[in-house]
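Contents: one structure, followed by commentary.
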Amino acid sequence: MDIENTTVCVVGLGYIGLPTASLLGTRGFKVVGVDVSSDVVETINAGNIHIVEPDLDVLVKSAVGSGNLSASLEPVAADIFIIAVPTPLSGEQQPDLSFIRAAVAAISPYVVAGNLVVLESTSPVGTTDEIVAAMLAAAGHSVGRDVHIAYCPERVLPGRILIELVQNDRVVGGINDSSTAAALDFYQAFVNGDVYGTSAKTAEMVKLIENSYRDVNIAFANEISMIAEQEAINAWEVIELANRHPRVNILSPGPGVGGHCIAVDPWFLVSRNPPLARLISTARQVNDEKPRWVIEQVKARAERFKRPTIACLGLAFKADVDDLRESPAEDIASTLLDEDIGEIVVCEPYLTSHPRFELCSLEDAVNQADIVVLLVDHKAFRHLSAASLNHKVLIDTRGIVK
Ligand code: SAJ
């Protein structure tokens, strides 16, 4: 592929679009990133970033500085279009594909023969054919012949996005063989992992089952933790010992499943196939109900105090990120406050402020507390032991306190 003479238009400059656009820019592609927010566009054109991700600031600065990356409110003509817009859940756990529709409508006037259009947003099976290809065909484009269309799911882990964008294997699925071939050619130009070609529908389902697999496995771990608690057994020890079996690999229980992917994507499988996706749907419910179970544990422990001070350690949705999206930790701390279970003090080392909580140091939180609720396994909490917590009442939802 002639990288230097290939132009790419990336629609959506969020957690996936921006790292992808800046990576492509530093590899020599001429990239224009498109976002509906003028703040985002200005920030990026100034060489800065609006999201927190290790090393992304350096990459964006370098891509913008080299002249290979700029941001715009409107799409531009390009050889390759990448759509990386959000696909949230609307009410009743139904996927909201309006951002994809808007992105396809926005690029359609700029698409010409010879282009490749790739959807990266996590989407229900069939979206690439039924929305992207259908809309472009309805606009008069000869899809699959003149205009190639493919789906290529992102697989990167927040906190490791830049490493995983390059190292992870990728799956690309075209709406026909020539579309798959065009997409393979593009991704092989900047991915070090292997790139596998398949159909668009298969690639869409691959993405959804990856996150559903993790969700089901975590739900299993969460269910074990509730049964173990009932039996007065340490769930993490049970799982660690079971995992010594060569064919058992159970994940870790926690306060629930957060983030914008694993707590959302499995519903895309359920929504199209409700009677068939029973296990996936039940796992979602088990994980969604785990925060309430933790709250009930805290309430039960709080009964012996007149008005306990409860220290919540961590608010982020997982370890060592500042991201609060769908965070079970934040949900638990907020509910304890709403239900007035006691005085709530919060330590979240990755945030400097929070709209509901005054944040304090770990030491202050622990000193004030009658009950310590460990919600996130941040590095800063991993040295904690029962002794360092002065043997206070402890609810360790992550199983890290020694
Ligand atoms: N969690 C547990 N126990 C575990 C592992 C995770 O309770 O053993 C919880 C976390 O605390 C967190 C949630 O699950 O609340 C999700 O965290 P995660 O680290 O499992 O996943 P994400 O949401 O940060 O990223 C996932 C990844 N998918 C898989 O590992 C299959 C990532 O590769 C995807 O690119 C990303 O979703 C996405 O964008 O879809």
Side-chain angles (χ1 to χ4, degrees), residues 12 14-20 51-54 84-89 95 120-124 151-171 193 203-226 235-236 239-240 242-243 249-269 280 283-284 286-291 293-294 313-332 350 374-378 381 396-400:
Y15 279 87
I16 302 304
L18 182 57
T20 304
I51 51 180
V52 177
E53 178 62 30
V85 294
T87 44
L89 281 179
E120 284 209 7
S121 310
T122 303
S123 303
Y151 182 73
C152 180
E154 57 82 14
R155 289 175 147 174
V156 291
L157 199 69
R160 286 176 47 85
I161 290 179
L162 295 184
I163 301 162
E164 295 205 355
L165 257 185
V166 176
Q167 302 299 349
N168 290 359
D169 292 348
R170 301 287 293 252
V171 177
E204 288 160 343
M205 183 144 169
V206 165
K207 170 68 192 181
L208 298 180
I209 67 161
E210 287 167 4
N211 281 354
S212 301
Y213 160 76
R214 199 156 166 84
D215 198 44
V216 170
N217 195 326
I218 297 168
F220 184 61
N222 278 334
E223 193 162 289
I224 290 169
S225 76
M226 295 185 280
W236 289 269
I239 290 172
E240 196 185 321
N243 282 349
N249 187 11
I250 306 165
L251 290 170
S252 292
V257 168
H260 46 106
C261 307
I262 297 198
V264 172
D265 302 351
W267 290 120
F268 292 6
L269 279 173
I280 298 169
R284 270 294 61 245
V286 169
N287 287 334
D288 272 355
E289 285 163 15
K290 190 74 192 291
W293 183 84
V294 174
L313 305 188
L315 289 177
F317 91 84
K318 67 173 186 175
D320 304 318
V321 298
D322 68 339
D323 195 336
L324 297 177
R325 283 177 293 175
E326 317 287 330
S327 172
E330 188 188 36
D331 177 20
I332 290 165
Y350 286 88
L374 187 129
L375 292 170
V376 188
D377 46 340
H378 288 317
F381 303 150
D396 178 4
T397 70
R398 299 282 181 174
I400 60 166

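Values below: all heavy atoms of this structure, side chains included; hydrogens, waters and symmetry mates excluded. Every number for a ligand or one of its atoms is a count from 1 in the order of the listing.
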Residue pair C152 / R170: nearest heavy atoms and the distance that separates them: SG-NH2, 3.4 Å
Distance-minimising heavy-atom pair for V321 and P158: CG1-O, 4.4 Å
[atom]: which protein heavy atom is closest, and how many Å away?
atom                    : value
atom 24 (O) of ligand 1 : K318 NZ, 2.8 Å
atom 23 (O) of ligand 1 : I262 CG1, 3.8 Å
atom 16 (C) of ligand 1 : G258 O, 3.6 Å
atom 6 (C) of ligand 1  : I218 CD1, 3.5 Å
atom 32 (C) of ligand 1 : V156 O, 3.5 Å
atom 30 (O) of ligand 1 : R214 CD, 3.2 Å
atom 4 (C) of ligand 1  : S252 O, 3.6 Å
atom 25 (O) of ligand 1 : L157 CD1, 3.4 Å

D265 CG to I209 CD1 distance, which is reported to the nearest 0.5 Å: 12.5 Å
Reported CE-to-CD distance for the pair M205 and E210, which is rounded to 0.5 angstrom: 11.5 Å
If you define the side chain from C-beta out and look only at heavy atoms, does anything of [X] sit under 4.5 Å from [Y]?
X    : Y    : result
I239 : P253 : yes
T87  : P95  : no
E330 : L375 : no

Atom CZ of F220: over 12 foreign heavy atoms under 6.0 Å: no
Geometric N/O contact H260 with ligand 1, under 3.5 angstrom: no
Nitrogen or oxygen atoms of T122 and ligand 1 under 3.5 Å apart: no
For [X], counting its heavy atoms only, list the atoms of ligand 1 lying under 4.0 Å from any of them.
X    : value
E210 : 31 (C)
D265 : 40 (O)
P158 : 24 (O), 25 (O)
R398 : 7 (O), 11 (O)
K207 : 34 (C), 35 (O), 38 (C), 39 (O), 40 (O)

Aromatic plane relationship, F317 with H260 - under 30° parallel, 30 to 60° tilted, over 60° perpendicular: perpendicular
Test: R398 cationic atom under 6.0 Å from F381 six-membered ring centre, within 45° of axis: no
Test item, C261 contacting ligand 1 (heavy atom, 4.0 angstrom): yes
Winner among K290, R325, E326, R155 once heavy atoms are compared against atom 33 (O) of ligand 1: R155
Option from N217, V216, I218 for which side-chain contact (heavy atoms from CB on, under 4.5 Å) with R214 holds: I218
